[in-house]
Every structure is written in structure tokens, then in C-alpha cells.
Q: 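My questions all concern the structure below.
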Amino acid sequence: MKKIFQLEAIVGEDAYDQALGLLTLEVPFGWEEESLPTGESRFRVHCENADFIRNLCNVFEVRLPGARCAVQSLEEQDWVAAWKQFFTPVPCGRRFVVLPPWLADSEEFSDRVKVFIEPKSAFGTGHHATTALCLMVLSDLLDAGRLSPGETFLDLGTGSGVLGIACCKSGLRGEGLDIDSLAVENALENRTLNEVEEFAVGQGSIDAVPGKTYDLVLANILARPLIELAPLIVQACKPGACLVLSGLLEIQADSVEAAYTAQCLPRPRRVLDGEWCALVWD
């Protein structure tokens, strides 16, 4: 039976910011966070890749010596049961709601576009603020008429495919790319689950689509690769395209913005959710 691996790390109040920064740099697909009565914080990261979890535990123990860390494996059936308790519907913007497949027959949210996501390793379920931010921005761009059915998109760092599926359900067509083979597998599963066409999913980064340009480019990854890939990401945008960058903290936004204005883009608008930020050129 397939196993899911979990890292649990408990840190003191004085180490909270450092732990959050570490997770932001090391975990591109989200985590659980809980405030404890002691003033400490408990973080949980789940992944099907045991080596990833063990390496993350080592990073915590080296960078945060006071953290109490534990790694355990969960049977797949336990994982599904845990997700059914944790996975609540996530409305995003005026248009979308992210739902698990076991709520497919729910009569709630009849006025919203339903995006069904099979929870796997937390590859973008809508619960992470940056995923919700991107869906909210996408909803606003569609409402404003900046995007229209038949236009093209690139979803870089597609994860679960949630953003690409939302695009396709809004009449767009495009591609999703991810460097993680498990994410690609999950995105393909969710593509089938949502019965969407016009959504090609593949493994790789933006250099996998050389010379292609799009009406919308979404990149919900991390600040460092957003900066490093800036020239290629800008080249992938058609003249007048919409560009949405996220996966970054507000404190990282200035350096990411600078990398794109250096490519002759104007200053973007910023959309915030707590400490998380999306940069939007529309």
C-alpha cells in the first residue's frame, strides 16, 4: 500500500519567522500550520517522496536546533481519511471554488466554477494563500474582460494543475509545466477528474516551450526561480499579455519586481493575502 510521509516540526515563538522563511524556501507545495496553547507553532509537511521529507527534517534540525522534529509514514487509507477531515471547500474570487472529488455532488456553490482536486502531497489545493491569490486574480481578470475564451495560457509550476484547470473551465487553452514528476502525475489525474480538454501537461520548466508565447502566463513558484527565469518568462508573454507571479512573501516582492522591470515591464500591481503576495501585470 502506498505511503505518505509526514514531517512534524514544533518551534518556539521566537523561531516562528525563521521556520516560516525556511518552509517558504524549501517547500513549494504548502504545509499545515497550527498555533499551540504553549505559544509554540506546529508545522506539518506531507509528501509521497520520503527523501524530500528526510532532507527537510535535516534542514530543520541544522537551521533550527531548538525545533522538535519527527518523521512518520501514513498508510494511504489514513491519508485519505485525514484529508476528508482537513479539506474544506475554498472559494476564490467571484468565480471559483476548489473542491475534493468526494464533494462533487454537493449542491453548494452552484453559482461558481467548480475545480476538483484529488489531494496528493498538497500540490496546490487552494488552501495555500498563493494558490488562492492566483485564482482570485484569474477571476478578476476574467470579470474585467482582460481574458477571453479561446486565448492561451502557460501555467508554470502547475503542481496539482488547479490553475490550468480553472483556466480551461473558463474557456482558455494552454499548457502546464512542472519540474516534479509527482506533480505532473497529480495534474494529469486532476485533468481527467475535471474532464477538461485543451490542457497539455508536461514535465519541465519554461525552457521546455522555447519560442512559444501566451495571452496569460501564471507562475506560482518561488522568488528565486522567478528572478532567475525572468527573461524567459517575459519572452513567453505575447504583447499585451497578462502576467501573474506568486509563491512569494511580500518582503520578497521588491526583488522579484526589480527583475521584471529590468526586462522593460512597467511596475505591477500587488495583491496581498496576509504576508503573501502576487505581482500582476494586466
Side-chain angles (χ1 to χ4, degrees), residues 90-99 104 109-117 123-124 126 130-178 183-184 186-221 226 229 232-247 260 263 265-266 268-269 271 278-282:
V90 185
C92 301
R94 293 165 53 90
R95 287 182 174 245
F96 302 110
V97 61
V98 183
L99 297 167
F109 307 106
S110 59
D111 59 335
R112 289 177 176 265
V113 175
K114 296 179 179 179
V115 179
F116 299 108
I117 295 298
F123 284 121
T130 59
T131 306
L133 267 176
C134 288
L135 285 169
M136 182 176 69
V137 170
L138 176 60
S139 177
D140 291 345
L141 292 173
L142 289 162
D143 287 346
R146 278 293 286 117
L147 296 171
S148 303
E151 291 187 320
T152 58
F153 71 87
L154 174 65
D155 178 17
L156 187 62
T158 193
S160 66
V162 58
L163 301 180
I165 291 166
C167 286
C168 288
K169 288 195 168 186
S170 303
L172 281 70
R173 54 188 175 84
E175 304 176 59
L177 293 171
D178 205 293
V184 172
N186 189 208
L188 289 169
E189 182 179 8
N190 288 322
R191 182 182 69 176
T192 300
L193 179 64
N194 285 271
E195 300 180 339
V196 295
E197 300 178 357
E198 306 292 348
F199 183 30
V201 177
Q203 186 170 358
S205 187
I206 194 161
D207 54 5
V209 287
K212 284 194 172 184
T213 57
Y214 304 85
D215 298 296
L216 167 67
V217 176
L218 297 155
N220 183 24
I221 44 178
L226 285 174
L229 296 175
L232 293 177
I233 289 176
V234 172
Q235 288 172 22
C237 296
K238 288 183 179 180
C242 297
L243 173 61
V244 182
L245 308 178
S246 195
Y260 286 79
Q263 301 298 316
L265 291 186
R269 64 184 176 94
V271 184
L279 301 178
V280 183
W281 285 265
D282 56 0

Q: Which heavy-atom pair separates Ser246 from Thr130 by the least distance, and what is that distance?
A: OG-CB, 3.5 Å
Q: What pairs with Thr152 under side chain to side chain donor-acceptor pair (under 3.5 Å), at least two apart in sequence or on another chain?
A: Asp215
Q: Please tabulate, for side-chain N and O atoms in residues 204-212, each donor-acceptor pair with protein atoms closer than 3.5 Å (sequence neighbours left out).
A:
from	atom 1	to	atom 2	distance (Å)
Lys212	NZ	Glu175	OE2	2.9

Q: Taking the side chain from Ser139 and the backbone from Arg95, do they hold a donor-acceptor pair closer than 3.5 Å?
A: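 Between the backbone of Arg95 and the side chain of Ser139 there is a qualifying donor-acceptor contact (under 3.5 Å).
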Q: To the nearest 0.5 Å, how far apart are CG in Asn220 and SG in Cys134?
A: 4.0 Å
Q: Between Ile165, Thr131, Val162, which is the residue that forms a side chain to side chain contact (heavy atoms under 4.5 Å, CB included) with Val98?
A: Val162
Q: Can you name the closest pair of heavy atoms from Arg191 and Val201 and give their distance?
A: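 Looking at all heavy atoms of both residues, the closest pair is NH1-N, 4.1 Å.
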Q: Which heavy atom of Val271 sits nearest to which heavy atom of Met136, and what is that distance?
A: CG1-CE, 3.3 Å
Q: For Phe199, what residues pass the ring-ring contact (aromatic ring centres under 6.0 Å, His included) criterion, not counting sequence neighbours?
A: Phe153
Q: Which distance, rounded to the nearest 0.5 Å, do you find between the SG of Cys167 and the CG of Asp155?
A: 7.0 Å
Q: List the steps, then state whether side-chain contact (heavy atoms from CB on, under 4.5 Å) holds for Leu229 with Leu156.
A: CA-CA 11 Å; Leu229 296 175; Leu156 187 62; 4.3 Å; yes
Q: Is a side-chain donor or acceptor of Tyr260 paired with a backbone partner of Leu226 at a separation under 3.5 angstrom?
A: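 Yes; at least one donor-acceptor contact below 3.5 Å.
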Q: Grab the two heavy atoms, one from Ala104 and one from Phe116, that are nearest each other, plus how far apart they are.
A: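 Scanning both residues completely, I find the closest heavy atoms to be CA-CE2, 3.5 Å.
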Q: Asn194: what forms a side chain to side chain donor-acceptor pair (under 3.5 Å) with it, not counting sequence neighbours?
A: Lys169
Q: Please report the shortest heavy-atom distance between Arg269 and Leu141, naming the atom on each side.
A: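 Looks like NH2-CD2, 4.4 Å.
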Q: At what distance, to the nearest 0.5 angstrom, does CD1 of Ile117 lie from CG of Leu99?
A: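 With rounding to 0.5 Å, CD1 (Ile117) is 10.0 Å from CG (Leu99).
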Q: In the structure I gave you, are the side-chain heavy atoms of Leu163 and Thr158 within less than 4.5 Å of one another anywhere?
A: no
Q: Applying side chain to side chain donor-acceptor pair (under 3.5 Å), can you list everything that pairs with Arg94, at least two apart in sequence or on another chain?
A: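 Arg94 satisfies side chain to side chain donor-acceptor pair (under 3.5 Å) with Asp143 once adjacent residues are dropped.
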Q: If you apply the rule side-chain contact (heavy atoms from CB on, under 4.5 Å), what do you find for Leu216 with Leu138, and how did you get there?
A: CA-CA 10 Å; Leu216 167 67; Leu138 176 60; 4.0 Å; yes
Q: Return the set of residues passing ring-ring contact (aromatic ring centres under 6.0 Å, His included) with Tyr214 (not counting sequence neighbours), or none when no residue passes.
A: none
Q: Using the side-chain contact (heavy atoms from CB on, under 4.5 Å) rule, take Leu243 and Leu265 through it: C-alpha gap first, then chi angles, then the decisive distance, then the call.
A: CA-CA 10 Å; Leu243 173 61; Leu265 291 186; 3.8 Å; yes
Q: I need the Asp178 CG to Gln203 CD distance, nearest 0.5 Å.
A: 8.0 Å
Q: Assess whether side-chain contact (heavy atoms from CB on, under 4.5 Å) is satisfied between Val137 and Leu218, documenting all intermediate values.
A: CA-CA 10 Å; Val137 170; Leu218 297 155; over 6 Å; no
Q: Testing the basics here: between Ala278 and Leu133, what is the closest heavy-atom pair and its distance to 0.1 Å?
A: N-CD1, 3.9 Å
